[in-house]
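What follows is a single structure, and I will ask about it in a moment.
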There are 2 protein chains.
Amino acid sequence: MAASVVPDETVGRLVTYVDYLERLLDQEVATVSSRELAAAAGVNAAQVRKDFSYLVPYRLGYFGTPGVGYEVRRLLYQLTRFLGVTHERRVVLVGYGSLGAALARYRGFAARNFNMVAVFDVDPAKIGKKVDGALVHGIDRLGEVLAQTGAEIAILATPASSAQSVAEKLAQAGIRAILNFAPVVLSLPRGVTVRQVDLSREMQLLAFRAMQDGESARAHHDSLPEEERQREP
Amino acid sequence: MAASVVPDETVGRLVTYVDYLERLLDQEVATVSSRELAAAAGVNAAQVRKDFSYLVPYRLGYFGTPGVGYEVRRLLYQLTRFLGVTHERRVVLVGYGSLGAALARYRGFAARNFNMVAVFDVDPAKIGKKVDGALVHGIDRLGEVLAQTGAEIAILATPASSAQSVAEKLAQAGIRAILNFAPVVLSLPRGVTVRQVDLSREMQLLAFRAMQDGESARAHHDSLPEEERQREP
DNA sequence: TAGATTGTTAATCGATTAACAATC
DNA sequence: TAGATTGTTAATCGATTAACAATC
């Protein structure tokens with residue numbers, strides 16, 4: 001079997017389908033079509049069915065019924081089983097700055113069975129304090145605390161300058177997956193999964209699109225001059 | 001000219017190149033190759049050159065010199081000019097909960113010329129307070145305040161349940177771009193650019209990969225039984 | 001049965017990567 | 001000049017979408 005049969009894009013959408021199915025379950029809706037799931041996730045209906053087809057090799061059992069759709073309850077059960085969201089997942093946070101503090105408090109994690117078991121920072125003023133239900137440790141105690149808590153997932157919210165070295169320590173200490181908020185590409189041994197969330201990059205992309213839409217006609221005109229008017233800045 | 005010649009992926013990477021070029025400029029490095037830029041951004045060198053080639057129609061002037069590479073200073077100038085990062089961009093934040101508060105304080109935005117000019121919330125206890133240098137308004141004052149401030153970009157950090165209706169109000173009030181942290185797919189008129197950041201989804205994806213790596217052998221074994229053992233949950 | 005909707009295969013689309021002539 | 005590296009075209013890859021037979 002290839003290392004990862006199910007693309008990240010699909011796994012991400014499965015999570016979205018689960019969210020939507022839970023809402024349907026609350027509303028006591030019994031069945032749902034791929035078309036409806038697609039609308040909720042902002043994708044094509046064929047995409048939804050294709051996504052489910054990736055799970056066939058895992059032999060989960062039930063999916064849909066032609067002509068009818070999917071039973072909400074059973075589909076939800078299969079997807080959560082596949083995603084493994086049933087049991088608690090332990091998370092550590094490294095970097096208790098403004099963003100780190102927010103992430104520690106963010107309720108979206110707890111709602112999904114993520115339990116923040118420890119926080120790490122370099123600031124001596126923070127070490128030893130209890131924040132949001134978790135104790136702040138010095139980064140030197142990483143290995144020790146990870147061994148104790150058995151956490152497998154880390155949230156990295158340090159400054160860019162220290163992100164790579166901290167990530168290496170995390171990998172060494174047995175962390176399997178890192179959600180990286182530092183605007184640096186981490187290079188780590190295979191076996192450690194990294195997802196990068198670059199908020200500043202997202203904002204800059206948005207700003208570019210906003211500007212572009214506003215200026216399309218003008219920009220086109222401005223761009224005509226062949227000469228480069230650069231003054232060394 | 002097609003609506004958007006430059007893919008989002010490329011624009012995102014251009015931002016990353018700019019970050020790296022600024023570091024090189026600080027270090028007084030004069031030239032850089034596509035290979036080096038690629039390493040910094042975690043991509044292929046051909047990707048870097050391809051990304052730059054998308055900018056050719058914009059006739060910015062200088063890029064690289066075959067056999068030599070790119071002059072750091074001039075390349076940086078061209079990219080920032082293209083991205084329009086030179087002038088201040090005004091941003092409003094809607095939803096001052098735990099995440100919203102963190103985003104308001106997040107320094108990565110200010111460092112990139114984003115200025116948070118107003119905050120909105122429904123909680124009467126927050127309205128009228130000054131937080132992180134911006135006043136908190138009721139959502140009913142959206143149109144008024146946006147007209148005053150001229151903000152074009154919004155950060156949406158409300159609960160999922162109100163995200164769509166707030167987004168519609170934002171679009172109506174002239175917002176061009178929305179960074180959406182609510183785990184809901186927004187449907188808005190064309191002309192409003194939306195980027196979604198779903199932190200819980202990222203975490204669930206990571207947790208899945210972490211679990212998967214740990215279990216590959218076991219999971220494969222477990223998956224064999226043909227019978228579905230579902231008990232209605 | 002007729003209408004609806006699944007699961008899957010094939011077609012399309014777009015992004016990434018390789019290759020290489022141009023050129024400093 | 002010889003070596004290096006760009007800019008661009010062509011090849012590859014993977015993800016999305018369309019189409020449709022199977023089937024409830």
Side-chain angles (χ1 to χ4, degrees), chain A residues 2-14 16-17 21 24 29-72 74-76 78-79 82 185 205 228, chain B residues 2-14 16-17 21 24 29-72 74-76 78-79 82 185 205 228:
Chain A
S4 168
V5 195
V6 186
D8 275 0
E9 288 89 342
T10 290
V11 178
R13 282 190 297 262
L14 293 176
T16 304
Y17 304 147
L21 288 167
L24 292 182
V29 176
T31 64
V32 65
S33 67
S34 58
R35 190 153 52 82
E36 207 177 334
L37 283 163
V43 298
N44 186 291
Q47 184 75 269
V48 173
R49 300 197 298 274
K50 181 74 178 176
D51 285 340
F52 294 162
S53 79
Y54 283 114
L55 310 191
V56 171
Y58 294 84
R59 299 191 171 282
L60 296 171
Y62 170 82
F63 276 90
T65 308
V68 178
Y70 306 88
E71 279 182 45
V72 170
R74 299 180 80 193
L75 180 59
L76 181 57
Q78 299 295 9
L79 295 183
F82 174 75
V185 175
L205 184 68
E228 182 187 0
Chain B
S4 168
V5 194
V6 185
D8 275 0
E9 288 89 342
T10 290
V11 177
R13 282 189 298 263
L14 293 176
T16 303
Y17 304 148
L21 288 166
L24 292 181
V29 175
T31 63
V32 64
S33 67
S34 58
R35 191 154 50 83
E36 207 178 334
L37 283 164
V43 298
N44 187 290
Q47 183 74 270
V48 174
R49 300 197 297 275
K50 181 75 178 175
D51 285 339
F52 294 163
S53 79
Y54 284 114
L55 310 190
V56 171
Y58 293 84
R59 299 193 170 281
L60 296 171
Y62 170 82
F63 276 89
T65 309
V68 178
Y70 306 88
E71 279 182 44
V72 171
R74 300 179 80 193
L75 180 59
L76 181 57
Q78 299 296 9
L79 294 183
F82 174 75
V185 175
L205 185 67
E228 181 186 359

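Numbers restart at 1 for each chain; the letters A, B, ... are given by sequence-line order, proteins then strands. Here the structure is a predicted model, which means the values were calculated and not measured. Note that these values count all heavy atoms, side chains included, but never hydrogens, waters or copies made by symmetry.
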The answer to which of A/N44 and B/A46 contacts DNA chain D further toward the 5' end, by nearest nucleotide, is B/A46
Taking every heavy atom of A/A41 against every heavy atom of A/T16, the minimum-distance pair comes out as CB-CG2, 3.9 Å
A correct dot-bracket answer for DNA chain C, with pairs being Watson-Crick or G-U at under 3.5 Å, [ ] for crossing pairs and | for inter-strand pairs, is ..||||||||||||||||||||||
Rounded to the nearest 0.5 angstrom, the CZ-OG distance for B/R49 and B/S33 is 9.0 Å
Side-chain contact check for A/V56: nearest option of C/dT17, C/dT8, D/dA15 is C/dT8
dist A/L21:CG -> A/L37:CG (nearest 0.5 Å) comes out at 5.5 Å
Picking from D/dT16, D/dA19, C/dT16, the nucleotide nearest the side-chain atoms of A/Y54 would be D/dT16
Any non-hydrogen side-chain atom of B/V185 less than 4.5 Å from a side-chain atom of A/V43? no
Under a 4.0 Å heavy-atom cutoff, the residues of residues 29-41 of chain A touching DNA chain C are A/S33, A/S34
When rounded to whole Å, the CG to P distance for the pair A/D8 and D/dT16 reads 11 Å
| message | Any base atoms under 4.0 Å from A/F52, or only sugar-phosphate, or nothing? Heavy atoms, all strands. | response | nothing
Nearest heavy-atom approach of B/V11 to B/V6 is CG2-CG1, 3.6 Å
Separation between CG (A/L75) and CZ (A/F63), nearest 0.5 Å, reads 6.5 Å
query = With distance as the sole test, does A/Q78 use its side chain to make a donor-acceptor pair with the main-chain N or O of A/L60 at under 3.5 Å?
reply = yes
B/R49 has its side chain closest, among D/dT9, C/dA19, D/dC20, to C/dA19
A/P66 has its side chain closest, among D/dT5, C/dT5, D/dG7, to C/dT5
Between CG of B/L55 and C1' of D/dG7 the distance, given in whole Å, is 12 Å
Side-chain contact check for B/E9: nearest option of C/dT16, D/dT6, C/dT6 is C/dT16
Separation between OG1 (B/T10) and CZ (B/F52), nearest 0.5 Å, reads 10.5 Å
- prompt: Between C/dG7 and A/Y70, is there an OP1 or OP2 to side-chain N/O distance shorter than 4.0 Å?
  reply: yes
A/Y17 atom OH is separated from C/dT6 atom C1', nearest whole Å, by 14 Å
| said: Can you confirm if the aromatic rings of A/F82 and A/Y58 lie within a centre distance of less than 6.0 Å? | reply: yes
When rounded to whole Å, the CD to C1' distance for the pair A/E71 and D/dC24 reads 13 Å
Taken to the nearest whole Å, NZ/B/K50 to C1'/D/dT5 is 18 Å
Smallest heavy-atom separation, A/Y17 atom then A/D51 atom, equals OH-OD2, 2.7 Å
The answer to which of A/T65 and B/G67 contacts DNA chain D further toward the 5' end, by nearest nucleotide, is B/G67
Rounded to whole Å, CG of B/D51 lies from P of C/dT17 at a distance of 11 Å
Whole-Å distance, B/L75 CG to D/dT6 P, equals 10 Å
